[in-house]
Number of protein chains: 2
Amino acid sequence: MTARSSSETTRVIPEATVARLPVYLRALTALAEGGIRTCSSEDLATAAGVNSAKLRKDLSYLGSYGTRGVGYDVDYLRYQIAREIGVTQDWPVVIVGIGNLGHALANYSGFRSRGFRVVALLDADAERTGEMVAGVAVRHFDDLETIAREHAVAIGVIATPAAAAQDVADRMVAAGVTSILNFAPAVISVPEGVDVRKVDLSIELQILAYHEQRKAHGQARGEVDGVDGVDGVDGVAVDGVEVATVGGDS
Amino acid sequence: MTARSSSETTRVIPEATVARLPVYLRALTALAEGGIRTCSSEDLATAAGVNSAKLRKDLSYLGSYGTRGVGYDVDYLRYQIAREIGVTQDWPVVIVGIGNLGHALANYSGFRSRGFRVVALLDADAERTGEMVAGVAVRHFDDLETIAREHAVAIGVIATPAAAAQDVADRMVAAGVTSILNFAPAVISVPEGVDVRKVDLSIELQILAYHEQRKAHGQARGEVDGVDGVDGVDGVAVDGVEVATVGGDS
DNA sequence: CGCGATTTGTTCTCGCGTTCACAAACTCAT
DNA sequence: ATGAGTTTGTGAACGCGAGAACAAATCGCG
């Protein structure tokens with residue numbers, strides 16, 4: 001079955017690796033700004049907050065860009081990762097929902113500096129139309145299709161309330177958007193071929209709260225309800241240092 | 001070795017499951033608001049956007065809260081999950097860095113409604129001190145220790161520029177904070193026992209860009225690369241619908 | 001009371017991702 | 001040129017999570 005076709009390198013980068021590449025990219029940029037020209041996998045791993053073995057394996061999926069006995073050329077590797085991710089080119093982006101979060105996103109300098117260009121801010125509220133945010137005029141949501149087609153927008157950001165999210169997603173897809181970053185606290189369904197990533201602020205806090213509660217239980221005890229097992233024996237095992245980088249796994 | 005003490009049920013909930021519990025909680029809330037009193041695992045799974053088998057397995061880690069042949073009582077299950085996560089109690093939270101994102105976070109209603117109470121907004125810029133944001137006065141960052149101790153704050157949110165993140169984290173830890181949600185695009189290191197979760201907006205976009213680039217390549221060329229086994233039989237595999245819920249896995 | 005229908009809880013298997021460990025490759029000093 | 005010291009790239013083992021499949025349990029109805 002695995003009639004491995006003619007092509008040699010089966011360029012399949014694991015999803016977990018893809019999620020870490022931007023982290024490496026950022027770490028490399030930081031190193032470059034610090035004047036570092038060359039770094040070892042150990043150096044870069046430390047800067048990125050990961051294991052060096054994992055870093056090397058991740059990079060090996062891209063190719064052999066290091067030199068044994070020496071390390072990696074910072075600028076060269078940086079370019080290779082940027083090219084692999086696709087941020088050497090410019091990606092037009094539309095943001096829908098110009099509330100507090102939409103404002104913050106529109107003003108976020110990290111987008112522009114990383115190859116993303118906000119070509120439109122849209123809101124369903126006609127009151128907001130015309131308002132200038134981060135140098136871009138807010139237009140009505142109905143203009144989505146026109147703008148998306150005009151600028152060949154492939155990536156859309158949803159920053160609306162949960163109730164509007166599905167409708168916005170549908171309209172985006174209809175307008176040709178094939179990648180959606182969803183900040184609305186709602187599950188949206190999209191047709192095949194469309195990628196959705198979801199960022200939920202309150203979920204992150206709830207995950208922290210869970211671990212925080214476990215810590216408290218270990219210390220104070222009390223809290224009879226349902227805590228059958230943990231009788232203080234292994235206070236350590238439960239939660240040591242848990243550094244979870246989101247925007248990571250999927 | 002696993003001299004698991006007297007207790008029977010080793011209440012260890014997998015991290016992946018913990019990350020999904022808030023999603024289930026939200027879905028249950030939506031169902032409850034729709035007047036639904038009872039639901040099957042299939043119903044809830046659909047509402048949460050996951051596989052029903054996975055949902056049942058996740059819930060089984062909490063206990064047996066369903067009834068075979070019937071399903072789950074929405075309110076009952078909702079309470080059980082909320083209790084497990086720890087959002088039945090109120091968590092005081094401090095937000096440091098009142099820029100665009102800090103503003104958005106302070107105004108985000110999803111926090112309050114889910115058991116989190118913003119007790120302080122802090123900024124290092126003395127200009128901002130006294131400013132009212134979301135009904136809370138902005139105070140100077142130096143007040144962190146005082147406020148954190150006073151309100152027994154365990155959870156802190158970093159919304160500062162990258163350069164300030166590590167310092168803020170250090171001060172938070174010194175003030176007794178043991179869980180940090182970091183929005184700054186920087187890797188921060190904390191002592192053992194302190195949890196850190198990182199949300200990075202631009203990384204999410206970069207991950208989307210990667211997949212978007214692959215799609216484009218696929219169209220232009222004959223998308224030879226990497227499609228090993230699946231030779232058209234089930235065109236689903238490569239990049240069919242990839243819905244990655246962040247704030248999910250870790 | 002018994003039987004079919006339904007749905008949960010759990011077991012089993014498979015695949016992915018992480019980590020270890022080491023050979024290959026490169027530099028530098030002598 | 002050769003050997004010692006580094007560092008990459010990768011093969012292999014391991015553990016966790018996802019998904020399928022099934023047994024156990026409950027309800028409804030005759």
Side-chain angles (χ1 to χ4, degrees), chain A residues 1-2 8-10 12-21 23-24 36-46 48-74 76-77 80 237 242-245 248-250, chain B residues 1-2 8-10 12-21 23-24 36-46 48-74 76-77 80 226 228-230 234 236-238 241-245 248-250:
Chain A
M1 287 315 158
T2 57
E8 4 65 353
T9 51
T10 38
V12 176
I13 301 182
E15 193 54 35
T17 296
V18 170
R20 279 187 295 267
L21 290 181
V23 180
Y24 303 153
I36 313 284
R37 314 278 303 178
T38 298
C39 70
S40 68
S41 65
E42 194 65 42
D43 297 336
L44 183 53
T46 303
V50 302
N51 184 295
S52 70
K54 180 153 50 174
L55 170 73
R56 286 199 301 276
K57 175 149 271 189
D58 283 342
L59 294 185
S60 76
Y61 290 118
L62 309 189
S64 286
Y65 295 138
T67 308
R68 301 183 186 210
V70 179
Y72 301 93
D73 181 281
V74 173
Y76 181 60
L77 182 59
Q80 292 299 340
E242 291 184 36
V243 178
T245 301
D249 39 29
S250 54
Chain B
M1 291 320 155
T2 57
E8 3 63 353
T9 51
T10 38
V12 176
I13 301 180
E15 194 54 35
T17 297
V18 170
R20 280 187 296 267
L21 291 180
V23 180
Y24 302 153
I36 313 283
R37 315 277 304 178
T38 299
C39 70
S40 68
S41 65
E42 194 64 42
D43 297 336
L44 183 52
T46 303
V50 301
N51 184 294
S52 69
K54 180 154 51 174
L55 170 73
R56 287 199 300 278
K57 181 174 258 187
D58 283 342
L59 294 184
S60 76
Y61 290 119
L62 310 188
S64 286
Y65 296 137
T67 309
R68 300 183 185 210
V70 178
Y72 300 93
D73 181 282
V74 172
Y76 180 61
L77 182 59
Q80 292 299 339
D228 41 20
V230 261
D234 48 355
V236 195
V238 183
V241 49
E242 289 184 37
V243 179
T245 302
D249 37 17
S250 57

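If you're wondering where the values come from, they're calculated on a predicted model, not measured in any experiment.
Remark: C1' of D:dA12 and NZ of A:K54 are 18 Å apart, rounded to the nearest angstrom. The interatomic distance linking A:R68 (CZ) with D:dT7 (P) rounds to 14 Å, in whole Å. Atom CG in A:L59 sits roughly 9 Å away from atom P in D:dT8 (whole-Å rounding). As rounded to whole Å, 14 Å separates atom P of C:dG9 from atom CD1 of B:I13. Between the OH atom of A:Y24 and the P atom of D:dT8 there is a distance of 13 Å, given to the nearest Å. Following rounding to the nearest Å, B:Y72 (OH) and D:dA25 (P) show an atom-to-atom distance of 16 Å. In this entry the distance linking CG of A:N51 with P of C:dC20 reads 6 Å, nearest Å. Atom P of nucleotide C:dA21 and atom CZ of A:R56 are separated by 13 Å, given to the nearest angstrom.
In terms of position on DNA chain D, the residue among B:D58 and A:T67 whose nearest nucleotide sits closer to the 5' end is A:T67. Comparing A:G69 and B:S60 by the nucleotide of DNA chain C that holds the closest heavy atom to each, the one mapping nearer the 5' end is B:S60.
Scanning atom types as modelled, no donor and acceptor separated by under 3.5 angstrom connect the side chain of B:K57 and the base of C:dT10.
The minimum heavy-atom distance between A:Y24 and A:A48, with the atom names listed, is CD2-CB, 3.8 Å.
No side-chain N or O of B:T46 forms a donor-acceptor pair with one of B:D43 less than 3.5 Å apart. Residues A:T38 and A:D73 have side chains that never bring a donor and an acceptor to within less than 3.5 angstrom of each other.
Note on B:Y61: nothing from the nucleic acid sits closer than 4.0 angstrom, heavy atoms only.
For A:P14, whose side chain is taken as the heavy atoms from C-beta onward, the closest listed nucleotide among C:dG17, D:dG17, D:dT8 is C:dG17.
With rounding to the nearest 0.5 angstrom, the CG atom of B:L77 is 7.5 Å from the CD atom of B:Q80.
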